[in-house]
Amino acid sequence: MEGETSWNSHCIDDMSKDIGEFDSFSELSDEGNKEMIVSVDSILPDDLLERILAYLPIASIFRAGSVCRRWHEIVSSKRFLWNFSHVLSHKPWYFMFTSSDEPVGYAYDPILRKWYSIELPCIQTPNWFIASSCGLVCFMDNDSRSELQVCNPITKICKKLQEPPGMKFSDYSALSLSVSRTSHNYTISIVKSKQVPGNFLQWDLSIHIYDSETMMWATSLTEVLTGWRGGDESVICDGVLYFLIYSTGVGTPENRHSLVAYNLSSRSSPLIRSLIPVPGPLTCGRLMNLKGKLVMVGGIGKPDRPDIIKGIGIWVLNGRNWVEVGRMPHKFFQGFGELDDVFASSGTDNLIYIQSYGAPALLVFDMSQKLWKWSLKCPVSKKFPLQLFTGFCFEPRLEIAP
């Protein structure tokens, strides 16, 4: 792929500085261990050493590249990148923005339970739209919504996309990204929604699709919705684009949200025929793709006051029915302090991250073990009452480039 080798000579050096200090190789500082490294290094052939190094956590790879020239060349090679991506399944990281104005923050590694300082490329402010899949992250500006960048946040390789079609200044936009794990080709979708002038109930909605193979945008659908508008939540699962729409005043509180399932191949319309009810009255919903399954994390509203959150649930879509797979225990719900009716949540693989906008506390839910756990405390504290925190989940991968 374009840019696949351009970072090899300098990325290891850059990342060892950006990602911070790691403990994985700190034990190599004494003379006895240095002698052991020399002897092992002289005995092992390159292919065997590659396989051994491939079992290191991804953060330690950059530390390993500074041990000696031979190790640096090994961890920078194409063959090592292939071995590294196929040896272990690396758990997704969570990047937390620690400023409301600057795109700065820390990334959390759930395996080593550490936070690393990382500089994100291609993004100017934290309020940009963000979608991730299989090691790549897509950023879209929040003003004109016409500037899009796809990047690998670990290697910092970026690609600027051409401006998408459709309305330039939409009222609502939802961004999603889907990367093939075999070919590494990717699809980007943008769902745009804008109120019809002079009509509160009607909203223009359009779906725009980018194909990395053709490097072209296409407008897949344009439609007028009555009683519903688009939002900012969408995800692609197994060739189907799912996105939430919101009631504009018609219907009961239970109908404040609904889910649209839009097949990217058949392009079925009208959209109203593919609506799937949400599990109940929700204060907000967050959609994610976990191993090809659509998962929703939602704020559960009170029966008499559906706009006030009383808990957080997790559901998996099975056909057109939702199956509850988890509900946040009350002690963790209370641990967030004063939780707003909306919150940040994203996930991939088997991990779901949940974060309050008002504090840097981060909760992790393991889908396979049905286990709730707080992350290690983020090395940043709230400095003023109105400071906001948000973030996104991504897979740390070395071998994939946009």
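Below, all heavy atoms of this structure are taken into account, side chains as well, without hydrogens, waters or symmetry copies. If you're wondering where the values come from, they're calculated on a predicted model, not measured in any experiment.
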Are Phe336 and Trp374 an aromatic pair by the rule of ring centers under 6.0 Å? yes
Kindly indicate whether a cation-pi arrangement holds for Arg256 with Tyr246, taking the cut-offs as under 6.0 Å to the six-membered ring centre and within 45° of the axis. no
May I have the step-by-step check of side-chain contact (heavy atoms from CB on, under 4.5 Å) for Gln124 and Glu102, ending in yes or no? CA-CA 7 Å; Gln124 298 177 14; Glu102 301 293 329; over 6 Å; no
Return yes if a side-chain donor-acceptor contact under 3.5 Å exists between Thr222 and Ser206, otherwise no. no
Ile190 and Trp217, any side-chain heavy atoms less than 4.5 Å apart: yes
Report yes or no: does Glu233 contribute a side-chain atom to a donor-acceptor pair with the main-chain N or O of Leu287 at less than 3.5 Å? yes
Going by an N to O cut-off under 4.0 Å, is there a salt bridge joining Glu395 and Arg181? yes
Does Trp372 have its ring centroid less than 6.0 Å away from the ring centroid of Phe365? yes
Show your reasoning for whether side-chain contact (heavy atoms from CB on, under 4.5 Å) applies to Leu362 and Met96. CA-CA 9 Å; Leu362 182 64; Met96 183 184 297; 4.1 Å; yes
For the pair Cys158/Cys122, is the SG to SG distance below 2.5 Å? yes
Audit row: Leu290, Asn350, side-chain contact (heavy atoms from CB on, under 4.5 Å) steps and yes/no: CA-CA 6 Å; Leu290 270 64; Asn350 277 321; 5.6 Å; no
Check whether any side-chain N or O of Ser180 sits under 3.5 Å from a backbone N or O of Ser183 as a donor-acceptor pair, and report yes or no. yes
Plane angle bin for Phe392 and Phe394 - parallel if under 30°, tilted between 30 and 60°, otherwise perpendicular: tilted
In this structure, is the centre-to-centre distance between the rings of Tyr108 and Tyr94 below 6.0 Å? no
Is any side-chain heavy atom of Arg70 closer than 4.5 Å to one of Ile74? yes
Would you say that Thr248 contacts Trp228 through its side chain, given a criterion of any heavy-atom pair below 4.5 Å between the two side chains? no
For residues Ser189 and Tyr210, determine if any side-chain heavy atom of one lies less than 4.5 Å from a side-chain heavy atom of the other. no
Taking NZ, NE, NH1 and NH2 as the nitrogens, is one of them in Lys291 or Asp349 under 4.0 Å from a carboxylate oxygen of the other? yes
Counting distance only, does the side-chain N/O of Lys293 pair as donor-acceptor with the main-chain N or O of Val316 below 3.5 Å? no
Side chains of Tyr262 and Ser220: do they bring a donor and an acceptor to under 3.5 Å? yes
